[in-house]
Amino acid sequence: MNEKSGSLIDSLERQGVSRRTFMKYCATLASLMALPPAVGRAFAEALAKATRPSVIWLSFQECTGCTESLTRSHTPTLESLIFDSISLDYHHTLQAAAGTAAEAAREAAMKLNWGKYLLVVDGSVPMKDGGVYSTIAGVSNHDMLMDTVKGAAAVVAVGTCAAFGGLPKAQPNPTGAVAISDLVKDKPVVNVSGCPPIPVVMTGVLAHFLAFGSLPELDKLGRPLAFYGETIHDRCYRRPFYDQGKFAKTFDDEGARQGWCLFELGCKGPVTYNSCATVKWNDGTSFPIESGHGCLGCSEPDFWDAGGFYRALSLPANPLHVAATAVEVGAVVGVGVALANRAGKSAAKAGHETATLADLEK
Amino acid sequence: MSLGDIPIQLEVGGLTGSAPAVLREIAYLLERLTRYGEAGSIDLHGLPLSPADRRWLLDQLGRGEIEIALEIGGGSRIVETAYPGVWWVAHDNEQGVRTSEFIEVTLIPDLVPAHPDDVESGLKNLKSRISDLS
Amino acid sequence: MSASLSRAVNVLKEVIDAPIASYFNSCVHCGLCAEACLFYTETGDPKYTPIHKLEPLRRVYEQEYTLLGRLLKLVGLSKPVSDAELGEWQELVYDSCTMCGRCSMVCPVGNDIVYMVRKLREGMAIAGHAPEGVVSATSRTIEIGSPMGVKLPALKAQIGHLKTETGLDVPLDLEGAEYMVLLSSMEIINFPEYLNAIAKIMKQAGKTWTICSTAFEATNSGIQIGVSDLARVIVSRIVEGAERLKVKTVISPECGHAYTAVRWEGPNLIGRPYTFKVQHILEVLDEFRNQGLLKTQGFEEERLTFHDPCQLVRRGGVIEQPRNLMNMVSKNFVETSDPGKYNWCCGGGGGVSANDNAEEIRLIAFKRKKAQLDVVKPDKLVTACANCRIVLEEGLEHYQMDLPVVGLTEMIAEHLAES
Amino acid sequence: MDAALFLNWVRGTGLQVAIFIFLLGTVWRLVEIYSLGRKPDLAERRHVPGASGWHTLWRRSIPIPGMMQRSGLTYIAGYAFHLGLAVVVFLFAPHIRLIQELTGISWPALPSQFVDLAAVVTLAAMLVVLADRIRQPVKRFLSTFGDWMAWLVTFLPVLTGYLAARHLLLPYTLMLSLHILSVELLLVLLPFTKLFHAFTVWPSRWFNGDVQGKKGVAV
């Protein structure tokens with residue numbers, strides 16, 4: 001992992017990857033990143049000449065699912081080769097070093113690449129009670145993040161936990177979890193959201209950083225626009241059924257068998273920005289909707305609290321839990337006014353002066 | 001029971017009407033190629049084409065004289081259409097799943113010519129082989 | 001705020017109740033009540049829209065009995081009702097409303113608009129904004145005993161007259177009589193035939209009856225002007241007389257609002273149910289007819305139609321009785337359009353006939369009745385309310401229509417079978 | 001705010017706030033109105049079949065003789081938009097689905113083509129009603145700011161609902177959000193405007209029918 005000499009293409013060539021293979025890969029990656037064909041060619045050339053950056057990977061409140069997703073391809077692909085070729089100087093799950101040695105490696109890498117290394121974070125940061133809910137080597141996640149981010153060129157928040165707080169932040173958020181972007185304000189932060197995120201998105205961001213030395217264009221939530229620019233629904237192959245109003249009503253009805261739209265079964269496709277429908281999962285095999293299950297909306301903030309995975313989008317979350325309180329408050333106000341009215345009416349009665357003929361004359 | 005036994009009907013709908021627009025785009029790119037010598041390409045993954053659209057497009061473009069099969073990290077095919085200068089380029093991964101698909105409008109697709117660096121190192125290899133002969 | 005205005009607001013606060021609150025909250029400003037009101041249909045002026053006539057009452061309701069209204073009043077967004085405003089409204093609440101209640105029949109959300117006009121008049125009158133003519137009629141009723149100033153000697157003179165002309169007795173203050181007959185001033189002065197008719201009919205039916213010397217007047221201007229305190233004084237005379245003479249039934253005369261006053265408002269004014277029954281004369285006659293106690297002979301040959309007095313029919317529930325009686329003595333009885341509870345007012349009810357300011361608009365409003373009569377073209381117009389009768393006669397004269405108007409009771413009496 | 005967050009807000013917080021205000025306002029206003037009470041009627045009642053508050057509840061839906069000729073447009077357009085609203089609100093499958101979600105009660109829906117038609121009829125009738133309010137002197141005279149606003153907040157949910165269901169004008173997500181938002185506006189304003197007649201109309205009719213019913217007049 002310490003070999004830092006030579007360009008990426010050289011290192012790939014040494015591993016037996018041909019230039020055409022690399023170009024093919026770059027064409028596909030550029031296509032996924034929606035780069036125009038001309039830029040795509042420049043991208044391939046620049047990437048070929050790029051040198052390996054140092055990457056420090058911090059894991060906080062997470063489940064390692066993101067790492068699994070990014071590293072577990074069925075067979076070694078170019079993607080994983082690129083991933084392997086970066087200088088991953090610190091990563092709990094993958095590094096051989098442990099304990100004091102591991103922390104020393106992190107500090108050494110920071111010092112050596114100060115201002116240039118890429119900081120990748122997965123997991124959210126607990127803030128409640130001084131951050132005691134997650135510590136590494138006795139250092140709270142918050143302190144380690146703030147310390148490590150100082151020398152970073154940019155930060156990539158991998159997974160919905162790092163990007164938006166994710167599952168740890170779900171109500172009632174017992175650890176006071178926050179997203180990386182809530183804490184890091186002075187460095188560019190890319191959110192690669194998803195639970196887990198699509199591997200190629202991570203590669204795309206890395207490749208872009210390698211090729212152009214900059215981060216790709218981001219959406220309002222800090223996600224690479226190329227991958228999060230359209231909704232699942234926009235690119236869903238079941239979209240024509242939606243447009244025709246053909247919906248599966250249960251998971252085993254005729255509509256489900258016919259592959260009709262899963263909207264009414266709670267699919268969050270229409271409000272979820274991600275590229276599952278085009279990039280797909282498991283080396284391009286399929287994606288959830290193709291397997292017959294609606295989108296959970298995992299790349300969106302607070303998807304866990306968005307009202308239930310199997311509730312249609314057009315159905316409200318849970319509006320009636322305030323009903324009893326509303327009725328009570330209304331009754332209190334009403335009774336209050338009623339009492340005031342009663343008092344007013346009694347006063348009017350008490351103040352009644354019997355009308356006489358004299359009263360009728362103006 | 002194999003995966004193929006599960007009756008999943010992925011194919012939906014008929015023509016969406018997007019395919020003819022692709023044809024017009026190809027004509028435009030061809031014009032640029034003849035007039036300015038500028039190559040162009042269309043990323044078919046970026047277009048909302050239904051399988052029916054794709055078949056229609058393939059039918060319209062027809063087959064030309066050249067078909068190149070590449071084995072580069074999964075199979076790739078470069079097929080000349082009935083319109084010279086218009087190529088259908090399809091890349092599969094090692095699992096045989098289509099990863100990207102382009103229509104390239106160019107005299108010869110980028111992937112085909114050998115790279116000067118590769119030629120140079122090839123020459124080096126050849127020379128060493130020749131020297132081994134002696 | 002002047003003393004009279006604050007008393008007026010106080011009175012309105014007293015009378016506003018759940019129905020009124022419900023009505024104001026239900027109004028959707030659809031304007032259908034205008035189409036039911038002859039003052040609008042005959043003038044086309046939107047200001048005569050019934051619900052609009054209640055604007056001051058609505059404001060008092062909102063400002064006194066709703067939280068939002070109070071807040072709006074507090075921050076000055078809802079102006080309190082002013083004396084000048086009530087003055088302006090006199091024209092709408094008195095001159096151009098006969099309390100006929102037709103608006104209450106059509107309102108699609110069910111608002112009883114006339115119920116609210118009656119209540120608004122309580123405040124208007126206390127504020128001193130009742131029309132002069134109605135005020136003096138009320139004064140005469142309270143002070144002299146009748147709105148037209150008729151006193152007991154005048155009645156006695158009529159009774160004497162009757163005795164000499166027909167030989168019929170009119171028993172005064174007969175204790176334990178079954179029926180106590182009330183009269184309206186107009187019947188004593190303008191239509192003495194009524195008393196004659198009663199005497200004949202009672203004789204034929206063989207019923208004991210009487211007239212109370214302290215309570216012979218049925219009319220109640222207190223109801224029309226809208227002052228319950230005064231209406232109570234007037235109705236109490238009747239209650240006291242009836243209870244003193246221990247009669248079983250009090251008969252309200254051919255007078256619309258008198259029936260409303262003594263039959264429907266009376267018990268609520270005195271705060272307890274009656275110990276006697278109250279019936280309209282037509283109810284009594286129809287009952288006699290049913291029991292075979294009323295026998296007539298011969299039929300009117302002319303084409304007859306019936307004008308429904310609002311207070312008797314729509315507001316009183318005496319609907320079928322006049323028709324039964326009409327058919328008893330007529331073979332040529334034709335209904336006008338919108339008969340019975342849907343009738344159109346003569347234009348002079350609710351104190352309008354006593355209100356000089358309203359004379360002009362009353363005659364304009366009469367065009368409604370005229371149009372109805374023009375269609376039916378009767379030879380004779382029958383009614384059962386002395387006030388309607390006067391107003392109809394004046395209207396017919398104004399529009400130069402030659403059409404006699406008679407009272408139903410008196411027409412029945414003319415056909416009584418000789419026994 | 002992007003469309004998804006907007007939708008989440010209107011379906012979540014927005015709807016909750018709206019339902020809260022609606023329920024609170026409705027209970028408050030009902031108590032405020034009906035706690036005023038009324039005096040018992042001491043007059044001896046006349047018993048006539050068909051003359052009661054209960055009869056008036058439904059009978060008042062039918063115009064009395066002559067009114068159809070005088071004000072046909074008000075009645076026909078009024079009927080059309082009230083019935084249309086009822087159909088659209090209560091017989092549209094997704095709405096029933098919503099009610100079922102909230103209360104567990106459900107009933108059969110009408111085919112969506114029919115509901116579509118009802119929505120168009122409702123919209124047309126409401127435009128007629130609006131034109132009539134502008135054109136007809138009495139209605140114009142009576143109209144206050146509240147009348148125009150009540151019209152608008154009733155019209156918007158139908159319009160946005162129709163556009164959303166038909167996928168017209170704006171992306172579905174945004175249109176659905178606007179539809180829900182407009183319904184929320186309606187819910188919030190209902191207890192405090194003339195729209196409250198939706199509740200008070202029944203007691204009002206009953207009171208009127210009861211008062212007149214005691215006199216033996218079926219109104």
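Values below: every heavy atom of this structure, side chains too, minus hydrogens, waters and symmetry copies. Labels below follow one simple rule: chain letters A, B, ... track the order of the sequence lines, proteins then strands, and each chain is numbered from 1.
- If you tally non-hydrogen atom pairs under 4.5 Å between each of D:D132, D:L195, D:V138, D:T74 and chain C, the highest count goes to D:V138.
- Remark: side-chain polar atoms of C:K341 are paired, donor with acceptor, to backbone N or O of D:A218 under 3.5 angstrom.
- Residues D:R70 and C:L32 have side chains not in contact (no heavy-atom distance under 4.5 Å, counting atoms from C-beta outward).
- Contacts between D:R29 and chain C at a heavy-atom distance below 4.5 Å involve the side chain alone, from C-beta outward.
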Apply the test side chain to side chain contact (heavy atoms under 4.5 Å, CB included) to residues D:W28 and C:L68: give CA-CA distance (whole Å), side-chain angles for both, the deciding distance (0.1 Å), then the verdict. CA-CA 11 Å; D:W28 148 22; C:L68 288 181; 4.3 Å; yes
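- The parts of C:T66 that come within reach of chain D are both its backbone and its side chain, each placing non-hydrogen atoms under 4.5 angstrom from that chain.
- Annotation for D:G216 and C:I319: closest pair O-CD1, 4.4 Å, computed over non-hydrogen atoms.
- Across all their heavy atoms, D:T200 and C:S26 have their closest contact at OG1-OG, 2.7 Å.
- No more than 12 heavy atoms of other residues, nucleotides or ligands sit less than 6.0 Å from atom CH2 of D:W54.
- For the atom pair SG of C:C27 and NE2 of D:H197, the computed distance is 10.0 Å after rounding to the nearest 0.5 Å.
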Apply side chain to side chain contact (heavy atoms under 4.5 Å, CB included) to C:R102 and D:I64, showing your working. CA-CA 10 Å; C:R102 210 165 181 277; D:I64 70 164; 4.1 Å; yes
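- Rounding to the nearest 0.5 angstrom, the gap separating the CG atom in D:L30 from the CG atom in C:N25 is 9.0 Å.
- The shortest heavy-atom contact between C:S22 and D:Y34 is OG-OH, 2.6 Å.
- Residue D:Q212 touches chain C through its side chain alone, counting heavy-atom pairs closer than 4.5 Å.
- Heavy-atom distances place the side chain of D:V211, and not its backbone, under 4.5 Å from chain C.
- For a residue to count as touching a neighbouring chain, one of its non-hydrogen atoms must lie under 4.5 Å from one of that chain's; by this rule D:D41 touches chain C with backbone and side chain alike.
- At a 4.5 Å heavy-atom cutoff, the contact between C:Y61 and chain D is made by side-chain atoms alone.
- At a 4.5 Å heavy-atom cutoff, the contact between C:E283 and chain D is made by side-chain atoms alone.
- A side-chain donor-acceptor contact under 3.5 Å links D:K194 to the backbone of C:V28.
- A donor-acceptor distance shorter than 3.5 angstrom exists from the side chain of D:E32 to the backbone of C:L67, with no hydrogens or angles considered.
- Under a 3.5 Å cut-off, the side chain of D:S204 and the backbone N or O of C:N111 do not form any donor-acceptor pair.
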Step by step, work out the side chain to side chain contact (heavy atoms under 4.5 Å, CB included) result for D:K39 and C:N268. CA-CA 9 Å; D:K39 285 187 186 160; C:N268 296 308; over 6 Å; no
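- Both the backbone and the side chain of C:T41 come within less than 4.5 Å of a heavy atom in chain D.
- Neither the backbone nor the side chain of D:P63 comes within contact range of chain C; no heavy atom of the residue lies under 4.5 Å from a heavy atom of that chain.
- D:N208 contributes atom CG, which lies 10.5 Å from atom OH of C:Y115 (distance to the nearest 0.5 angstrom).
- Contact of C:I51 with chain D is made through the side chain alone, with heavy-atom distances under 4.5 Å.
- Once rounded to the nearest 0.5 Å, the distance linking CD of C:E55 with CG of D:L142 reads 9.0 Å.
- Formation of a donor-acceptor pair under 3.5 Å by the D:R38 side chain with backbone atoms of C:P19 is not found in this model.
- In this structure, the portions of D:F207 lying under 4.5 Å from any heavy atom of chain C include both its backbone and its side chain.
- When heavy atoms are compared at a cutoff of 4.5 Å, C:V278 does not approach chain D at all.
- Proximity to chain D is absent for every atom of C:F24, based on heavy atoms less than 4.5 angstrom apart.
- Contact of D:T56 with chain C is not made at all, since no heavy-atom distance falls under 4.5 Å.
- Most heavy-atom pairs under 4.5 Å with chain D, from the set C:P108, C:A34, C:G44: that is C:P108.
- The salt bridge (charged side-chain N to carboxylate O under 4.0 Å, His left out) contacts involving residues 13-31 of chain C comprise C:K13-C:E64, where partners must be two or more places apart or lie in separate chains.
- Rounding to the nearest 0.5 Å places CD of C:E35 at 6.0 Å from CD of D:Q136.
- Heavy-atom minimum distance, D:L42 versus C:P267: CD1-O, 3.5 Å.
- Heavy-atom pairs under 4.5 Å with chain C peak, among D:R46, D:R205, D:M67, D:R45, at D:R46.
- Between the side chain of D:K215 and the backbone N or O of C:R315, at least one donor-acceptor pair lies under 3.5 Å.
- Only the side chain of C:Y342 has a heavy atom closer than 4.5 Å to any heavy atom of chain D.
- For D:F90, the CZ atom sits in a loose shell: 12 or fewer heavy atoms of surrounding residues, nucleotides or ligands are nearer than 6.0 Å.
- Looking only at heavy-atom pairs under 4.5 Å with chain D, the residue among C:H52, C:R272, C:M105, C:E265 that has the most is C:M105.
- There is no contact between D:F199 and chain C, counting heavy-atom distances below 4.5 Å.
- When atom types are taken as modelled, the side chain of D:R133 and the backbone of C:H29 share a donor-acceptor pair closer than 3.5 angstrom.
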Please evaluate residues C:W264 and D:E44 with respect to the criterion side chain to side chain contact (heavy atoms under 4.5 Å, CB included), reporting the C-alpha separation (whole Å), side-chain torsions for both, the decisive distance (0.1 Å), and the verdict. CA-CA 8 Å; C:W264 303 114; D:E44 189 196 347; over 6 Å; no
